[in-house]
Amino acid sequence: MIVLGIETSCDETAASVVDSDRRIRSNVILSQLDQHKPFGGVVPEIAARAHLDHLDGIISQALRDAEISLDAIDAVAATIGPGLIGGVIVGATMGKAISLARNLPFIGVNHLEAHALTCRLTHATPFPYLLLLVSGGHTQLLAVLGVGRYRRLGTTLDDAIGEAFDKVAKMLGLGFPGGPAVERAAATGDATRFALPRPMLGRAGSDFSLSGLKTAVRLALLGLPPGPVSDQDLADLAASFQAAVADIVADRTRHAIRTFAQTYGSSGVLVVAGGVAANQALRRRLELIALESDFTLVAPPPILCTDNGAMIAWAGIERLLLGENDPLDIKARPRWPLECGWASG
Ligand code: KG4
Ligand code: ZN
């Protein structure tokens with residue numbers, strides 16, 4: 001089975017051809033970074049227009065790279081939420097149009113589910129597994145029990161981790177997107193120079209809170225001696241922030257592993273997904289956390305952690321293999337939670 005996947009929910013216009021043998025035949029990603037950079041963040045209206053301008057070319061490129069025509073495609077999968085609704089509508093409408101014109105099944109994919117299932121494309125990870133989903137819009141710990149079956153163990157009470165990286169980068173003048181910029185700056189910094197707080201550390205459960213840490217970075221910046229901030233100051237602040245995030249993530253994940261293990265067994269798989277999973281310092285820390293609990297860490301390659309069409313095609317394949325597809329009048333959804341809370345089942 002060969003599926004075309006389309007992703008347009010944020011600032012990447014992406015299309016990919018993937019088959020049910022877990023082969024990524026093409027994976028084309030056009031980042032709109034340069035268009036959003038002057039504004040220091042993603043501008044929804046600019047994103048939607050850029051998707052509209054480029055999506056047909058990106059799909060053609062994905063088919064060319066895969067060396068197949070639409071005749072060889074068995075189904076079309078497109079993100080229908082959650083995300084910036086203008087962009088989601090562009091991708092969803094394109095996917096539906098192709099499926100209508102070619103009389104192919106259409107699968108409307110939940111973007112978060114696509115992140116959650118990527119490890120099954122890259123590593124054939126069996127259910128159940130514990131997932132840490134960390135992106136610009138989401139920070140969640142989930143028990144992934146099957147396709148469409150998720151239980152939430154923890155979530156953020158305020159900012160998403162990627163959002164905190166982006167905001168701190170903006171504060172420090174490191175540019176956009178913030179995650180990679182902070183990681184680069186942190187590489188030459190002293191993580192012990194600024195004593196930043198670790199909100200929620202040791203608390204019961206697995207929820208996160210990032211806004212206090214973000215404020216503490218702002219206060220540390222304001223507390224520096226008057227005059228221009230040196231590169232070393234910036235590097236030390238970035239490193240101190242990243243270390244605090246790593247401590248928070250480690251503590252919350254440790255709690256979630258304990259809860260997961262109580263129900264599903266004491267050795268298992270911890271999967272990290274979403275854009276922040278590209279952070280190497282965080283990955284190293286998660287490896288240690290997994291090891292100490294007799295869990296194995298699975299992390300898809302960074303290019304499949306940030307937004308891409310391959311994960312959308314794969315989520316489509318998973319649903320098709322279960323005999324599912326969607327009617328063409330299925331609606332795009334700006335909000336679409338994946339899970340129910342642990343307590344409510
Ligand atoms: O999954 P993604 O591509 O888009 C969303 O669905 O949000 O994640 C983007 C987020 C941004 O906040 C970006 O700053 C963050 O992932 N990110 C990183 C790194 N690379 C991307 N955060 C920390 N370290 C990185 N290396
Ligand atoms: Zn994403």
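Just so you know, these numbers use all the heavy atoms, side chains as well, and skip hydrogens, waters and symmetry mates. Just so it is clear, the model here is predicted, and its values are computed rather than measured. Atoms within a ligand are numbered from 1 in the order they appear, just like the ligands themselves.
Ligand 1 has His111 within reach: a non-hydrogen atom of the residue lies less than 4.0 Å from it. Within the 4.0 Å heavy-atom cutoff, His115 counts among the residues contacting ligand 1. Under a 4.0 Å heavy-atom criterion, Pro180 is in contact with ligand 1.
The ligand atoms of ligand 1 that sit less than 4.0 angstrom from a heavy atom of Gly137 are 7 (O). The contact set between ligand 1 and Gly275, taken as ligand atoms under 4.0 Å from a residue heavy atom, comprises 1 (O), 2 (P), 8 (O), 16 (O), 17 (N), 18 (C), 19 (C), 20 (N), 21 (C). Applying the 4.0 Å criterion to heavy atoms of Thr306 picks out, from ligand 1, the atoms 3 (O).
Checking Val90, Ile59, Leu30 one by one against His54, the side-chain contact (heavy atoms from CB on, under 4.5 Å) holds for a single residue, Leu30. A side chain to side chain donor-acceptor pair (under 3.5 Å) with Arg319 is found for exactly one of Asp326, Asn110, Asn325, namely Asp326.
Within the 3.5 Å criterion, the main-chain N or O of Arg120 finds a donor-acceptor partner in the side chain of Arg22.
Among all non-hydrogen protein atoms, the one lying nearest atom 10 (C) of ligand 1 is Gly136 N, 3.4 Å. Considering only non-hydrogen protein atoms, atom 25 (C) of ligand 1 sits nearest to Gly179 C, 3.6 Å. The protein non-hydrogen atom at the shortest distance from atom 11 (C) of ligand 1 is Asp166 OD2, 3.6 Å. Counting protein heavy atoms only, atom 24 (N) of ligand 1 is closest to Asn279 ND2, 3.0 Å. Shortest contact from atom 26 (N) of ligand 1 to any protein heavy atom: Glu183 OE1, 2.7 Å. What sits closest to atom 3 (O) of ligand 1 on the protein, heavy atoms only, is Asp307 N, 3.2 Å.
With salt bridges taken as basic N to acidic carboxylate O contacts below 4.0 Å, none links Lys214 and Glu163. A salt bridge is absent between Asp329 and Lys96; no separation between the charged side-chain nitrogens and carboxylate oxygens falls under 4.0 Å. Salt bridge annotation for Arg193-Asp233: present, with a cationic side-chain nitrogen under 4.0 angstrom from a carboxylate oxygen.
Among the backbone and side-chain atoms of His138, none of the N, O or S atoms lies under 2.8 Å from the Zn ion (ligand 2). Not a single N, O or S atom of Cys10, from either the backbone or the side chain, sits less than 2.8 Å from the Zn ion (ligand 2).
Aromatic ring pairs are classed by plane angle as parallel below 30°, tilted from 30° to 60° and perpendicular above 60°; the pair Tyr264 and Phe260 is tilted.
Among heteroatoms of the N, O or S kind in His115, NE2 lies nearest the Zn ion (ligand 2). The atom name of the N/O/S atom in Asp307 closest to the Zn ion (ligand 2) is OD1.
Neither the backbone nor the side chain of His138 has any atom closer than 4.0 Å to an atom of ligand 1 (non-hydrogen atoms only).
Two rings, from Phe241 and Phe165, have their centers less than 6.0 Å apart.
Taking only nitrogen or oxygen atoms, main chain and side chain alike, Gly162 reaches within less than 3.5 Å of ligand 1.
Side-chain atoms of Asp71 and Arg102, non-hydrogen and from C-beta on, do get closer than 4.5 Å to each other. Contact annotation: the side chain of Ile248 never approaches that of Ile161 to less than 4.5 Å [non-hydrogen atoms, C-beta and beyond].
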